[in-house]
Amino acid sequence: SPVTKKEAPDYHAVISRPIALSIIRKKLASGEYATGSQFLDDMDLMWRNAMTYNKPHTHIFQTAARLQKLLWSTRTCAEILLPEESAHTQALWEQGTTLPAHSTHTSPPHTHNTTHAPNAPSL
């Protein structure tokens, strides 16, 4: 669930675009994502937020970094299979059909850590 002010009073001052897995889940269930790339953007935002708010030596930061790396290793594959301009391609992607290469993202963004509360929640 989203980070509350009670859990981390300064979280919303540090993180301008908070997101949580529960929000992503709801957006998926309601069909709010028009493209696979929008879903992947929210997942990436979640990991970046965790790494921005938490110190590098924490379990939360390290887990987020590993999951972001995994996301980026699969993101290129997902975007190859899911060009945003093609609803037909999205249907094929959902069925697991592979398509020729087409990717706009080749590497993960750089993250910046502002080193905040070591034991605060990440999402």
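Keep in mind the model is a prediction, meaning the values are calculated, not measured. Count residues from 1 along the sequence.
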- Rounded to the nearest 0.5 Å, what's the gap from CZ on F61 to CD on Q68? Could you check? 9.0 Å
- So OG1 of T52 and CZ of R17: to nearest 0.5 Å the spacing works out to 11.5 Å
- Message: Can you tell me if H12 has over 12 outside heavy atoms packed within less than 6.0 Å of its NE2?
- Response: yes
- Message: Any non-hydrogen side-chain atom of T4 less than 4.5 Å from a side-chain atom of Y11?
- Response: no
- OG of S16 to CG of N49, rounded to nearest 0.5 Å, is 7.5 Å
- Message: Quick one, M43 and L21 - any side-chain contact, counting heavy atoms below 4.5 Å?
- Response: yes
- Item | Flag side-chain contact, heavy atom, 4.5 Å: T63 against W47 | no
Cut-off 3.5 Å, no hydrogens considered: what does the side-chain donor-acceptor table look like for residues 23-32, sequence neighbours left out?
from	atom 1	to	atom 2	distance (Å)
K27	NZ	D42	OD2	2.7
S30	OG	K26	O	3.1
S30	OG	K27	O	3.3

- Message: If you define the side chain from C-beta out and look only at heavy atoms, does anything of P18 sit under 4.5 Å from P2?
- Response: no
- How long is the span from the CE atom in M46 to the CG atom in L71, to the nearest 0.5 Å? 9.0 Å
- At what distance, to the nearest 0.5 angstrom, does CG of D41 lie from OH of Y33? 9.0 Å
- Item | Donor-acceptor contact present, side-chain D44 to main-chain L40, <3.5 Å | no
